[in-house]
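Beneath this line is the structure, given in structure tokens, with notes to follow.
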Amino acid sequence: MCGIVAYSGVRAASPILLQGLRKLEYRGYDSAGIAIHDGAKIQIFKQEGKVSNLVDTLGDYKTDPTHLNAHAGIAHTRWATHGPPTTKNAHPHPAGEGGRIALVHNGIIENYRGLKARLEADGRVFLSDTDSEVLAQLVDSYYDGNLFEALSSALKEVEGTFGVACMCEDEPGKLLVARRGSPIVIGLGDGETIVASDASAIIKHTRQAIYLDDNDVAVIEGDQVDIRTLDAVPVQRDLASIDWSADAAEKGGFEHYMLKEIYEQPEAIRNAIRGRVNLDRGTAVLSGLGLSPRELVQFQRLLIVGCGTSLNAGLVGEYAVEDFAAMLGEVEQAAEFRYRNPIVGSKDLVVAISQSGETADTLAAVREAIDKGSMVAGLVNVVGSTIAREAGRGIYLHAGPEISVASTKAFTCQVSVLLLVALKLARGRRMSREEGLRISQEVLRVPELVQQVIDTNDAIAKVAEAFTDYEHMFYIGRGYMFPVALEGALKIKEISYIHAEAYNAAELKHGPIALLDENMPVVALMNKGPGQEKTVGNVEECRARKAPVLGVITEGDEEARAACDFTIEIPACPHYTATIVATVALQLFSYHVARLRGCSIDQPRNLAKSVTVE
Ligand code: M6R
């Protein structure tokens, strides 16, 4: 939530800040702003709406001397938490006499009310409704000629989370950045430093980066970076090399990032499983777990935590671990897990799933599981992210940057890797080498099967035309295909704004069927596999109530086709891998429905890519 960019160096800051904001816009797009230090004073420009609105208000910043002479600046794209998405609430927030301090913030200052009351009692006047301005004013209240001291004093008083960047009129060229709970990556360039909330905003300039730890404060001036604790003790942080290519974060000729990311899935899944299948031994190689078969066999339960799409992927993992390993599998929404004093301990292997690695609830669940003595592993896409680092062990997805707010390739890579985790656990228990080999071969087929679905994109687009005018939909599936129904419903609602609910197909008769009529289409996961004939029976019941049915069926299954009004075909495969293959079909279906409805596909309303607040 919210994206921060900051620059200090030899080049003009404004174009670099704006380019960075465009890359981070998926993190929030309610308003945007930049503050630049032109050597004499700080100038702030901000605007409601997307970054393009901000650019319009700047005039010709490419030739304007104000911008050309400014070699340091901070910028922000906002996802509103406190106060509506207006220009006055946009960051950067000025503070102090003549606006000598400027600050951008990502996170939530939980004790902002008390701090604000105190600052108001001291005569300070607030210009916005935000918690972030309270931090800016607090920094100014401590400022006495040393920005590091002012910022660290303020941050010691703050409860909550922050990624923050600020600068002061009296200290030209200097940036201060700090974090607690919200990511900050510092890109080290030649004569310059670029700071951002994530690597996508800096890879155009450098691949050398430092990820700040919680409560680190970095003082940056040109290419000088000095990292200290809040108590001014110098600390060293590892230098990381970012291996994403700049192209990976571009649209590459696709109309939307979402479509590009759907199309990238065969390659992304190949990367996620590469080197992780041992065909000789019919098992998975998951060295990131750092656990031997002897250690793995000690666990009595696989407990998976996550949110949203990652939670749906976790559900497939639950089915797989019970199916393959005859081991107890459980999935829990991360926020529920953290707040209900969960019964969890040393006999549990806790797997935290997160594309971003920054989701606040999932991170808190990781900490809770660690505190309760469990072994925790992260299943994360973003390298160096907080969950990956705090879990201490885990498996990177290697899906490449996922920019579209709607998660697609992260899900299919998460499920692919979860199948391998289940296989690994199973082989240490009762599963034979032959059975392990059979499952390994099925997992290795997935990229090709996904490609076959993508090749039917035009046919899926045609089917989507019949569904653009509905306002509600049901998704149904059984067993492994139930999480797919959940993920299909999540995808259609977040990008097309059609209200959708997912049910186990058996559950319809227990209430939801009352809603069925010609205005309530049903998307049914009816591909061949366990329980299919029962789902076909449920579909008949839906059609008897005039609900239009779209069936996801196995190629050439005429019986299933006859039960539906519309069909999308997927290649034959076992249900455990069909979770991936069928999901890709539903991603394309959602994409085309949303496109035909004229929705903002990559940046749906009210959403943000990385949910770093509770
Ligand atoms: O980064 P994470 O995987 O932890 O994010 C979890 C959810 O916020 C995320 O999957 C969300 O549900 C997506 N927008 C769904 O497309």
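Reckoned from all heavy atoms, side chains included, excluding hydrogens, waters and symmetry mates. Each ligand, and each atom within it, is numbered from 1 in the order the structure gives.
When each of V316, L525, N504 is checked for a side chain to side chain contact (heavy atoms under 4.5 Å, CB included) with M481, only L525 meets the rule.
Atoms CZ and NZ, from F411 and K491 in turn, are 8.0 Å apart once rounded to the nearest 0.5 Å. In this structure, M520 CE and F474 CZ are separated by 4.0 Å, a value rounded to the nearest 0.5 Å.
Using a 4.0 Å cut-off to heavy atoms of Q355, the atoms of ligand 1 that qualify are 1 (O), 2 (P), 3 (O), 4 (O). The ligand atoms of ligand 1 that sit less than 4.0 angstrom from a heavy atom of A406 are 16 (O). Using a 4.0 Å cut-off to heavy atoms of S354, the atoms of ligand 1 that qualify are 1 (O), 2 (P), 3 (O), 4 (O). The ligand atoms of ligand 1 that sit less than 4.0 angstrom from a heavy atom of S407 are 15 (C), 16 (O).
Taking the six-membered ring for Trp and thresholds of 30 and 60 degrees, H76 and H91 have nearly parallel ring planes, at less than 30 degrees apart.
Any N or O atom pair closer than 3.5 Å counts here, and Q414 shares no such pair with ligand 1. Between S310 and ligand 1, at least one N/O pair is under 3.5 Å apart.
Within the 4.5 Å cutoff, the side chain of H575 has no heavy atoms near those of the D323 side chain.
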How far apart are the C-alpha atoms of I262 and L588, what are their side-chain angles, what is the distance that settles it, and do they pass the side-chain contact (heavy atoms from CB on, under 4.5 Å) test? CA-CA 8 Å; I262 291 173; L588 284 168; 3.7 Å; yes
Walk me through it: do K251 and E264 pass the test salt bridge (charged side-chain N to carboxylate O under 4.0 Å, His left out)? CA-CA 11 Å; K251 276 193 207 153; E264 282 171 348; over 6 Å; no
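For atom 7 (C) of ligand 1, the nearest non-hydrogen atom from the set A334, G306, A352, C307 belongs to C307.
Ligand 1 lies within reach of V405, whose nearest heavy atom is under 4.0 Å from it. For K491, the heavy-atom gap to ligand 1 drops under 4.0 angstrom.
Side-chain atoms of T386 and E358 include a donor-acceptor pair closer than 3.5 Å.
From the protein, the heavy atom lying nearest to atom 1 (O) of ligand 1 is S356 OG, 2.7 Å. For atom 11 (C) of ligand 1, the closest non-hydrogen atom on the protein side is T309 N, 4.2 Å. Ranking protein heavy atoms by distance to atom 4 (O) of ligand 1, first place goes to T359 OG1, 2.4 Å. Looking only at protein heavy atoms, the nearest one to atom 8 (O) of ligand 1 is V611 CG2, 3.8 Å.
For E494, every heavy-atom contact with ligand 1 shorter than 4.0 Å involves the side chain, none the backbone.
D469 CG: 12 or fewer foreign heavy atoms inside a 6.0 Å radius.
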